[in-house]
There are 2 protein chains.
Amino acid sequence: MYSIGQAAELTGFSIDTLRYYEKIGLTKQPERSPAGVRSYSEDDVKRLSSLHCLKRTGLSLEEMKAFLQEGRCFANPAFPLSGEDREAIESRTRILGEHLSRMEAQYRALADVMGQTREKLDFYRDLLAKEAAAK
Amino acid sequence: MYSIGQAAELTGFSIDTLRYYEKIGLTKQPERSPAGVRSYSEDDVKRLSSLHCLKRTGLSLEEMKAFLQEGRCFANPAFPLSGEDREAIESRTRILGEHLSRMEAQYRALADVMGQTREKLDFYRDLLAKEAAAK
DNA sequence: CTAGATGCTGGAGCCGGCTCCAGGTCAACA
DNA sequence: TGTTGACCTGGAGCCGGCTCCAGCATCTAG
């Protein structure tokens with residue numbers, strides 16, 4: 001079990017951010033000591049860390065919420081599915097599919113800009129090398 | 001020559017955003033008609049479009065500013081460089097290098113999350129396929 | 001038993017990046 | 001000549017995502 005400070009340390013979020021996420025309902029409430037002090041399980045910390053990773057890919061909090069929510073159930077559903085279940089699954093599939101294509105677009109854009117940046121960088125490094133050679 | 005409306009259309013920024021970027025000194029002032037109406041050259045539009053691409057990779061406006069500024073001169077510098085020039089080149093090299101490694105980190109994170117997302121997506125699609133089969 | 005660190009809550013504030021608005025100018029067309 | 005419609009400016013407002021603060025409780029070490 002970890003205090004909020006430790007959880008912050010481990011996950012890369014700030015203490016305030018952890019409380020903020022909890023407040024807006026993004027993350028589930030951790031357990032509390034009788035005195036009201038938050039206590040994060042190993043598992044909580046894992047979930048938060050993967051959230052942190054998601055965040056670094058530029059997902060908005062709304063998107064993360066959606067991403068998190070599709071973790072529930074359906075591990076071993078009975079067929080045929082109830083209409084409700086089918087809808088839930090279809091909605092999650094759609095959300096994830098949209099996510100994915102946005103990420104793919106971003107991935108390509110990133111590759112592109114990285115390429116350009118490498119070129120420019122090479123150009124400047126080259127100048128510096130020439131300068132050194134010409135010393 | 002393009003009006004601001006056309007430039008917005010072509011580059012993917014909004015009209016307001018173009019004016020905003022100009023105001024904060026991110027982009028250079030386009031020409032103006034005698035009446036004060038902005039008039040963007042082919043070249044301006046190209047620069048703006050590549051800015052838009054940069055933006056999509058998550059660069060902040062500050063970073064973009066830095067990225068843009070290293071376009072100047074040094075195409076054919078005289079060696080040895082003046083101290084000033086060397087410093088400029090070194091600084092740009094540093095800025096770009098930092099950019100690049102941030103982008104690389106993000107690239108990896110993105111690949112990672114995309115992989116996870118594909119897995120989940122497959123899982124749900126599989127459920128739907130099974131459902132269809134069990135109809 | 002007291003000081004210092006850590007935690008709690010609610011709410012205000014801040015920053016980046018737009019976005020919208022009022023009030024006005026200009027150009028062109030019917 | 002009057003009415004659109006695109007443009008202008010300066011400034012206010014907004015939203016996402018934190019970040020900070022006051023004022024208080026709790027825990028731990030010395």
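Throughout, protein chains are lettered first and strands after them, A, B, ... in sequence-line order, and every chain is numbered starting at 1. Computation of the quantities below employed the complete heavy-atom set of this structure, encompassing side-chain atoms and omitting hydrogens, waters and symmetry-equivalent molecules.
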Full working for salt bridge (Lys or Arg N to Asp or Glu O under 4.0 Å) between R94(A) and E90(A): CA-CA 6 Å; R94(A) 196 175 32 69; E90(A) 280 171 358; over 6 Å; no

Pairing of R108(A) and D112(A) as salt bridge, 4.0 angstrom limit: no

CE on M64(B) to CG on L59(B), rounded to 0.5 Å: 6.0 Å

Residue pair K28(B), E22(B): steps toward the salt bridge (Lys or Arg N to Asp or Glu O under 4.0 Å) verdict: CA-CA 6 Å; K28(B) 75 170 236 271; E22(B) 197 183 319; over 6 Å; no

Working for salt bridge (Lys or Arg N to Asp or Glu O under 4.0 Å), residues R125(B) and E131(B): CA-CA 10 Å; R125(B) 290 200 171 132; E131(B) 160 75 357; over 6 Å; no

Ion pair check, R102(A) and E63(A), cut-off under 4.0 Å: yes

Angle of first-five versus last-five pair axes in the helix from dC1(C)-dG30(D) to dA30(C)-dT1(D), to 10 degrees: 0°

Side-chain H-bond candidate by donor/acceptor type, Y2(A) with E42(A), under 3.5 Å: yes

Annotated protein contacts, base or backbone, on nucleotides 6-20 of chain D with a non-hydrogen cut-off under 4.0 Å, one of B, S, - each: -SSB-B-----BBBB

